[in-house]
Amino acid sequence: QVQLVESGGGLVQPGGSLRLSCAASGITFSFYIMGWYRQAPGKQRELVASVPTGGTTNYADSVKGRFTISRDNAKNTVYLQMNNLKPEDTAVYYCNANAYNRKYDYWGQGTQVTVSS
């Protein structure tokens, strides 16, 4: 079965850093565009960043210059390096795998990121 297992969330102070990881299993990893989404209380889920197998990364304007998405195809893992975190980054972060043929779309369980003093 398909699993997207996330790790790395937690509580950090403003200006701090976190790295989120998402390990995928049960899929042919190279066939999927990988992405990170987030949802804050009372707000809609939004795309944070995405990365295809061999293409150009994409970022929300609010995180450009601070976050970096990457993937390790040998490990079937996608990462989100988050630097200079701000309180407005507080949200549940979700890993997403979207097949190139658009037939399959999978989500991780979500991991909480809280940025607070």
Side-chain angles (χ1 to χ4, degrees):
Q1 63 177 13
V2 176
Q3 288 187 306
L4 301 178
V5 181
E6 299 163 330
S7 61
L11 173 65
V12 296
Q13 296 183 11
S17 298
L18 283 174
R19 189 175 76 159
L20 306 183
S21 299
C22 173
S25 61
I27 63 171
T28 303
F29 191 69
S30 63
F31 289 179
Y32 287 78
I33 300 171
M34 302 301 298
W36 289 95
Y37 291 72
R38 68 186 181 188
Q39 187 167 24
K43 297 183 178 180
Q44 295 186 192
R45 187 173 299 185
E46 65 174 346
L47 176 67
V48 177
S50 64
V51 57
T53 300
T56 304
T57 55
N58 180 58
Y59 297 94
D61 288 342
S62 59
V63 307
K64 286 181 179 178
R66 300 188 297 120
F67 291 10
T68 302
I69 189 170
S70 62
R71 63 191 290 163
D72 186 335
N73 291 325
K75 296 182 178 180
N76 287 2
T77 301
V78 62
Y79 305 94
L80 186 68
Q81 178 67 46
M82 304 183 293
N83 297 326
N84 192 24
L85 284 160
K86 303 176 180 180
E88 50 263 44
D89 295 319
T90 296
V92 177
Y93 284 70
Y94 297 91
C95 179
N96 172 257
N98 188 252
Y100 279 101
N101 64 12
R102 305 304 184 193
K103 293 181 63 177
Y104 305 103
D105 190 58
Y106 301 107
W107 294 89
Q109 77 285 355
T111 185
Q112 178 70 47
V113 172
T114 302
V115 185
S116 176
S117 298

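Quantities reported herein were computed from a predicted structural model and do not represent experimental measurements.
If you take OG on Ser25 and CG on Leu4, they are separated by 7.5 Å, rounding to the nearest 0.5 Å. Of the inter-residue distances, the one linking Lys86 atom NZ with Arg66 atom CZ reads 4.5 Å to the nearest 0.5 angstrom. Of the inter-residue distances, the one linking Ser62 atom OG with Phe67 atom CZ reads 7.5 Å to the nearest 0.5 angstrom. Rounding to the nearest 0.5 Å places CG of Leu11 at 9.5 Å from OG of Ser117. Expressed to the nearest 0.5 Å, how far CD of Gln81 lies from CD1 of Ile69 amounts to 12.0 Å. With values rounded to the nearest 0.5 angstrom, Ser50 atom OG is found 4.5 Å from Asn58 atom CG.
Side-chain contact check for Glu46 versus Gln44: every heavy-atom pair is 4.5 Å or farther apart. Tyr93 is listed as a side-chain neighbour of Met82, based on a closest heavy-atom distance under 4.5 Å. Counting only heavy atoms from C-beta outward, the side chains of Leu20 and Trp36 approach each other to under 4.5 Å. Put simply, the side chain of Thr68 does not reach to within 4.5 Å of the side chain of Leu80, judged on heavy atoms.
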Original post:
Should Met34 and Phe29 be marked as a side chain to side chain contact (heavy atoms under 4.5 Å, CB included) after you check the CA-CA gap, both sets of side-chain angles, and the distance that decides it?
Top reply: CA-CA 9 Å; Met34 302 301 298; Phe29 191 69; 3.7 Å; yes
Subject >> CA sep, side-chain torsions, deciding dist, call: Ile33, Arg102, side chain to side chain contact (heavy atoms under 4.5 Å, CB included) >> reply: CA-CA 10 Å; Ile33 300 171; Arg102 305 304 184 193; 4.0 Å; yes
**OP:** Show your reasoning for whether side chain to side chain contact (heavy atoms under 4.5 Å, CB included) applies to Asn96 and Asp105.
**Re:** CA-CA 7 Å; Asn96 172 257; Asp105 190 58; 3.1 Å; yes
**OP:** Would you sort out whether Val51 and Ser70 count as a side chain to side chain contact (heavy atoms under 4.5 Å, CB included), showing the intermediate values?
**Re:** CA-CA 7 Å; Val51 57; Ser70 62; over 6 Å; no
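Within the cation-pi definition used here (under 6.0 Å to the ring centroid, within 45° of the axis), Arg71 does not qualify as a partner of Tyr32. Relative to the ring axis of Tyr79, Arg19 places its NZ or CZ within 45° and under 6.0 Å from the centre.
The disulfide (SG to SG under 2.5 Å) analysis of residues 30-81, with sequence neighbours excluded, yields no pairs. The side chain to side chain donor-acceptor pair (under 3.5 Å) pairs that include a residue from residues 4-15 number zero, where partners must be two or more places apart or lie in different chains.
In the model, Thr114 has a side-chain atom that pairs as donor or acceptor with a side-chain atom of Gln112 under 3.5 Å. For the residue pair Ser17 / Asn83, a side-chain donor-acceptor distance below 3.5 Å is found, with atom types taken as modelled.
Annotation: Phe31, atom CZ; neighbour count of heavy atoms from other residues, nucleotides and ligands within 6.0 Å does not exceed 12.
A salt bridge links Asp61 and Lys64; the closest N-O separation between the charged side-chain nitrogens and carboxylate oxygens is under 4.0 Å.
Taking a 4.5 Å side-chain heavy-atom cut-off between Ile, Leu, Val, Met, Phe, Trp and Tyr, the cluster of Leu47 extends to Tyr37, Val92, Tyr94, Trp107.
Residues Ala40 and Ala91 approach most closely at N-CB, 3.9 Å, considering heavy atoms. When every heavy atom of Ile27 is checked against every heavy atom of Ala97, the shortest pair comes out as CD1-CB, 4.2 Å.
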